[in-house]
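Taking it in order: structure first as structure tokens, then the write-up.
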There are 2 protein chains.
Amino acid sequence: MPGDAQWLEREELATWMSLAALLFKLPGVLDYQLQRDSGLTHFEYLVLAGLSESPGRSRRMSDLAGFANGSLSRLSHVVKRLEQRGFVERRPAEDDGRITVATITDSGYEFLVAAAPGHVATVREYVVDVLSPEQLAQLKDIADTILAKVDPGKDC
Amino acid sequence: MPGDAQWLEREELATWMSLAALLFKLPGVLDYQLQRDSGLTHFEYLVLAGLSESPGRSRRMSDLAGFANGSLSRLSHVVKRLEQRGFVERRPAEDDGRITVATITDSGYEFLVAAAPGHVATVREYVVDVLSPEQLAQLKDIADTILAKVDPGKDC
DNA sequence: GGTTATTGGTTGATGCGTCAACTCAAAGCT
DNA sequence: AGCTTTGAGTTGACGCATCAACCAATAACC
């Protein structure tokens with residue numbers, strides 16, 4: 001029923017359908033490229049990237065989970081796999097035994113460096129380079145606005 | 001190709017990180033609400049919605065897969081589950097035995113109608129109502145632009 | 001100071017998505 | 001007609017994410 005808060009107006013619906021389609025398809029494109037060229041998930045890539053740019057190439061698990069936008073549980077599984085591949089190491093923090101600190105290894109770092117250009121090129125090809133500078137700015141505002149609602153307390 | 005081909009500028013990177021966070025988190029919010037309140041996936045919801053608004057409440061599988069932004073394989077699995085729940089029926093088309101036509105049942109339709117308000121409310125709460133009309137228009141343009149690159153030949 | 005609560009992470013079962021292999025039907029070809 | 005090719009959809013195995021239960025270490029509290 002149009003006009004009712006219970007439903008979406010035509011314009012609203014059209015926008016939502018476009019966004020929904022984007023949410024379904026864009027992750028697939030990114031994962032496909034990374035998987036094919038580097039055997040990495042987008043999430044795994046973010047984990048390695050998050051470690052590589054941290055001081056000491058190390059980061060505690062919760063922090064890393066926040067950075068990579070995933071749950072701690074998910075991260076734990078993923079880091080275990082990355083550890084088995086020799087890309088990451090884990091050890092408890094000295095001052096607090098509850099905390100686990102993950103560190104990217106040299107081979108993990110090399111692997112990331114090898115994977116990065118292809119990933120960046122894909123991000124450029126499908127997102128950055130198809131939008132105007134104005135649209136990029138708009139997109140950032142829009143995404144941040146929604147994220148503030150979805151995930152209050154991060155960023156801000 | 002604007003910009004340095006290999007890396008992202010600061011602004012570009014910030015935008016991309018925001019979008020990436022959105023891609024990770026927004027689907028979770030939507031799926032969570034639908035799962036909790038109706039025992040449906042967002043994808044399942046789209047499948048039922050796609051059927052409900054089609055003539056004869058029926059649609060062929062490939063068409064439905066396109067509408068719901070998923071692969072035919074994925075749809076086949078999902079429709080099998082929905083069929084087991086009594087929400088959907090499948091039968092081959094009369095004129096072409098290769099084509100499978102899916103139809104939403106009455107109980108599936110009732111179920112969808114019961115699930116819709118909560119889903120719509122969530123979409124409003126996290127997306128539509130936090131953005132200005134201007135931003136909604138921008139978002140649609142942006143999403144469609146990216147989708148045209150991701151998925152050339154659909155829409156537009 | 002000993003018990004309880006809380007915090008940080010891990011683990012295992014379950015369910016869904018993906019990929020490749022497969023089936024069946026309809027055209028194409030000769 | 002036969003043989004092959006293409007198109008539409010299904011299936012099964014495997015991998016990953018989620019959820020809930022769990023464990024360990026620290027902090028709170030009396």
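Everything numeric here is computed off the predicted structure, so don't read it as measured data. Letters A, B, ... mirror the listed sequences (proteins, then strands); counts begin at 1.
- A donor-acceptor contact under 3.5 Å is not formed by the side chain of A:His77 with the base of D:dG15.
- Atom CG in B:Leu46 sits 9.5 Å away from atom CG in B:Leu64 (nearest 0.5 Å).
- Spacing between atom CG of B:Leu30 and atom P of D:dT18 amounts to 14 Å, rounded to whole angstrom units.
- A salt bridge links A:Glu44 to A:Arg85: at least one charged side-chain nitrogen sits closer than 4.0 Å to a carboxylate oxygen.
- Between the CD1 atom of A:Ile99 and the P atom of D:dA24 there is a distance of 18 Å, given to the nearest Å.
- The 5' end of DNA chain C is approached more closely, in terms of each residue's nearest nucleotide, by A:Asp63 than by the other of A:Tyr32 and A:Asp63.
- Within the 4.0 Å cut-off from OP1 or OP2 of C:dC19, not a single side-chain nitrogen or oxygen of B:Ser71 is found.
- Taking 4.0 angstrom as the limit, B:Arg74 places none of its side-chain polar atoms (N or O) nearer than this to OP1 or OP2 of C:dC16.
- B:Asp31 and B:Gln35 share no donor-acceptor pair across their side chains, judged by distance under 3.5 Å alone.
- A straight line from CZ of B:Phe43 to C1' of D:dA17 spans 17 Å, rounded to a whole angstrom.
- One can place CZ of B:Phe24 at 9 Å from P of D:dA17, the figure rounded to the nearest angstrom.
- Residue B:Lys80 is the one, among A:Glu44 and B:Lys80, whose nearest nucleotide of DNA chain D lies closer to the 5' end (criterion: closest heavy atom).
- Nearest nucleotide to the side chain of B:Arg98, out of C:dT6, D:dT10, C:dA27: C:dA27.
- Comparing A:Ala93 and A:Thr41 by the nucleotide of DNA chain D whose heavy atom lies nearest to each, the residue mapping closer to the 5' end is A:Thr41.
- One interatomic measurement links the two molecules: NE2 of A:His42 to P of D:dA17, which rounds to 12 Å at whole-angstrom precision.
- One finds no salt bridge joining B:Lys140 and A:Glu11 here, because no Lys/Arg side-chain nitrogen approaches an Asp/Glu carboxylate oxygen to under 4.0 Å.
- Between A:Met61 atom CE and C:dT7 atom C1' there is a gap of 15 Å when expressed in whole angstrom units.
- Distances shown here put a side-chain N or O of B:Arg81 below 4.0 Å from the OP1 or OP2 atom of C:dG17.
- In this pair, B:His42 and B:His119 present their aromatic rings tilted. The plane angle is within the 30 to 60° band.
- A straight line from CG of A:Leu72 to P of D:dA21 spans 18 Å, rounded to a whole angstrom.
- Closest to the B:Ser76 side chain, of the nucleotides D:dT11, C:dG12, C:dG17, is D:dT11.
- As a whole-Å value, the separation of A:Gln35 CD from D:dC16 C1' is 10 Å.
- One cannot find a donor-acceptor pair under 3.5 Å joining the base of C:dT10 and the side-chain atoms of A:Ser73.
- Contact between the side-chain N/O atoms of B:Arg90 and the OP1/OP2 oxygens of D:dT10 is found at a separation under 4.0 Å.
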